[in-house]
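Inspection log for the structure reproduced underneath, given as structure tokens.
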Amino acid sequence: MFEIRVEDGGQVFVSGRFDAAESERALLILRGLSGPLVVDCTGLDYISSAGIAVLMDTFKRVTSGGHSLRLVNLSPRVKNVFTYAGLDKLLGIQ
């Protein structure tokens with residue numbers, strides 16, 4: 001099960017399995033946000049290419065507006081997905 005929760009100040013919390021089944025819902029939520037964003041991945045167990053595509057869409061949109069997108073608290077397993085895709089250097093992963 002995937003959950004996405006938005007709090008004030010550009011804080012976004014994601015947990016569960018972020019895959020194709022959840023990508024459209026997540027994209028709709030994230031497209032409604034502006035300004036700098038911090039995506040807390042503490043509870044994220046899995047991310048597919050569809051989930052990465054949603055985050056990349058958000059990254060491009062936010063950075064084109066002069067803001068930043070940071071991913072924080074990634075488990076080693078999820079962080080490896082971004083590293084293998086070569087996105088760890090592009091995205092603000094902490």
Side-chain angles (χ1 to χ4, degrees):
M1 174 182 242
F2 176 72
E3 289 187 38
I4 182 167
R5 185 178 84 243
V6 178
E7 293 188 359
D8 292 338
Q11 287 278 79
V12 180
F13 295 87
V14 293
S15 62
R17 295 181 55 86
F18 194 174
D19 56 22
E22 304 295 344
S23 62
E24 189 172 326
R25 179 171 64 98
L27 187 59
L28 288 173
I29 291 169
L30 291 171
R31 281 192 176 161
L33 304 176
S34 60
L37 299 176
V38 176
V39 180
D40 189 313
C41 301
T42 300
L44 192 63
D45 301 321
Y46 171 83
I47 188 164
S48 72
S49 58
I52 291 173
V54 169
L55 292 178
M56 291 307 300
D57 177 88
T58 304
F59 172 79
K60 289 176 187 176
R61 184 179 51 77
V62 169
T63 57
S64 72
H67 299 288
S68 64
L69 171 75
R70 291 186 305 127
L71 304 178
V72 298
N73 301 322
L74 283 79
S75 70
R77 172 198 255 172
V78 172
K79 188 173 184 177
N80 282 340
V81 172
F82 287 96
T83 301
Y84 295 147
L87 298 173
D88 58 321
K89 293 176 178 45
L90 178 64
L91 298 170
I93 296 178
Q94 298 177 337

Q.
Quick check: closest heavy atoms across Ala20 and Ser48, and the distance to 0.1 Å?
A. N-OG, 3.7 Å
Q.
Are there over 12 heavy-atom neighbours, none belonging to Arg77, within less than 6.0 Å of that residue's CZ?
A. no
Q: Just do the side-chain contact (heavy atoms from CB on, under 4.5 Å) check on Leu90 and Phe59 with the steps written out, would you?
A: CA-CA 9 Å; Leu90 178 64; Phe59 172 79; 3.8 Å; yes
Q. With the threshold set at 4.0 Å, does a side-chain nitrogen-carboxylate oxygen contact exist between Arg5 and Glu7?
A. yes
Q. Is the number of heavy atoms from other residues, nucleotides or ligands under 6.0 Å of Gln11 CD greater than 12?
A. yes
Q. Linking I/L/V/M/F/W/Y whenever any side-chain heavy atoms sit under 4.5 Å apart, do Ile29 and Val38 land together?
A. no
Q) Atom CG of Leu27 and atom CZ of Arg61: how far apart are they, to the nearest 0.5 Å? A) 8.5 Å
Q | side-chain contact (heavy atoms from CB on, under 4.5 Å) between Phe82 and Ile47, intermediate numbers included | A | CA-CA 9 Å; Phe82 287 96; Ile47 188 164; 3.9 Å; yes
**Q.** Leu44 and Leu74: CA distance, side-chain angles, deciding distance, side-chain contact (heavy atoms from CB on, under 4.5 Å) verdict
**A.** CA-CA 7 Å; Leu44 192 63; Leu74 283 79; over 6 Å; no
Q: Mind listing the closest non-hydrogen atom pair of Val62 and Ser68 along with its distance?
A: CG1-O, 3.4 Å
Q) Would a hydrophobic clustering, with Ile, Leu, Val, Met, Phe, Trp and Tyr connected at side-chain separations under 4.5 Å, put Tyr46 with Ile4? A) no
Q. Under the 3.5 angstrom rule, does the side chain of Asp57 hit a backbone N or O of Ala53 as a donor-acceptor pair?
A. no
**Q.** Residue that, paired with Val12, satisfies side-chain contact (heavy atoms from CB on, under 4.5 Å) out of Asp40, Val39, Leu71
**A.** Val39
Q. Going by heavy atoms in the side chains, are Val14 and Phe2 under 4.5 Å from each other?
A. yes
**Q.** Criterion side-chain contact (heavy atoms from CB on, under 4.5 Å) on Leu55 and Ile52, from CA distance to verdict
**A.** CA-CA 5 Å; Leu55 292 178; Ile52 291 173; 5.7 Å; no
Q) Do Leu30 and Leu33 have side chains that get closer than 4.5 Å, going by heavy atoms? A) yes
**Q.** Inter-residue atom distance Lys60.NZ - Leu69.CG, 0.5 Å rounding
**A.** 12.5 Å
Q: For His67 and Pro36, work out which heavy atoms get closest and say how close.
A: ND1-CD, 3.3 Å
Q. Nearest heavy-atom pair of Glu22 and Arg17: which atoms, and what distance?
A. CG-O, 3.9 Å
